[in-house]
K.L.:
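My questions will all concern the structure given below.
Atoms within each ligand, like the ligands themselves, are counted from 1 in listed order.
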Amino acid sequence: MTDDATYIPERDHAHLSAAVPCGTCKTFIESERLDAAALPDNVTCTACGDETPLAFDAHVTLADAGAAALDGCPRCGYHTLCIQKDLNARFGVLLVTVSFGALLFSGLSIPKMLIGLVALAIVDWLLLRAIVKRVLICYRCKAQYRGFRPGARCRPFDLATWEAHDDALTSR
Ligand SMILES: [Zn+2]
Ligand SMILES: [Zn+2]
């Protein structure tokens, strides 16, 4: 069995999208449903109206069947993106709450309820695992890229690297 902390599914979002911080005000700008064949070369901030350049051309490799592999950050040029589990947290909480709630009001005896709890925990865990997808996040500017295949230099999330970049940000 794979260790859940490092487990990353081989599953990507169906559509390409990006959430990048504005170069001026740092508001995250969401770009939904990007076209692999016509990726934008900038995004316009919804908060301050400034444009932030994106160098997708330099970082995206088109693979077969229209898939796009991303290596390095189009927003800031940093060479390593980390691969993380992208879990819809709200869905996860809802699933667990509803299933355990249903069990509580089922009127089962305590021993049966305990068995039910264990069974539900397993089902929830499997379901949650099935909906987890990959997201690529830039260590330096924290831009998020979904739907892209991880390129050769993408690495599983590493907390030490992440914190090193956070320290660099706050001491600047
Ligand atoms: Zn802005
Ligand atoms: Zn970046």
K.L.:
With under 30° as parallel and over 60° as perpendicular, where do the rings of H165 and Y78 fit, or are they tilted in between?
P.N.:
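Plane angle over 60°, so perpendicular.
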K.L.:
Run the numbers on Y145 and V20 for side chain to side chain contact (heavy atoms under 4.5 Å, CB included), then give the verdict.
P.N.:
CA-CA 8 Å; Y145 305 96; V20 302; 3.9 Å; yes
K.L.:
Report yes or no: does R153 contribute a side-chain atom to a donor-acceptor pair with the main-chain N or O of P150 at less than 3.5 Å?
P.N.:
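The answer is no, because no donor-acceptor pair under 3.5 Å joins these two groups.
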K.L.:
Any salt bridge between K133 and D86, counting N to O under 4.0 Å?
P.N.:
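So K133 does not pair with D86 through a salt bridge.
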K.L.:
With the Zn ion (ligand 1) at the center, what angle do SG from C48 and SG from C45 span, rounded to 10 degrees?
P.N.:
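About 110° at the Zn ion (ligand 1).
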K.L.:
To the nearest 10 degrees, calculate the angle at the Zn ion (ligand 1) involving SG of C25 and SG of C22.
P.N.:
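The two atoms subtend 110° at the Zn ion (ligand 1).
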K.L.:
What angle sits at the Zn ion (ligand 2) between SG of C138 and SG of C76, to 10°?
P.N.:
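Nearest ten degrees: 100°.
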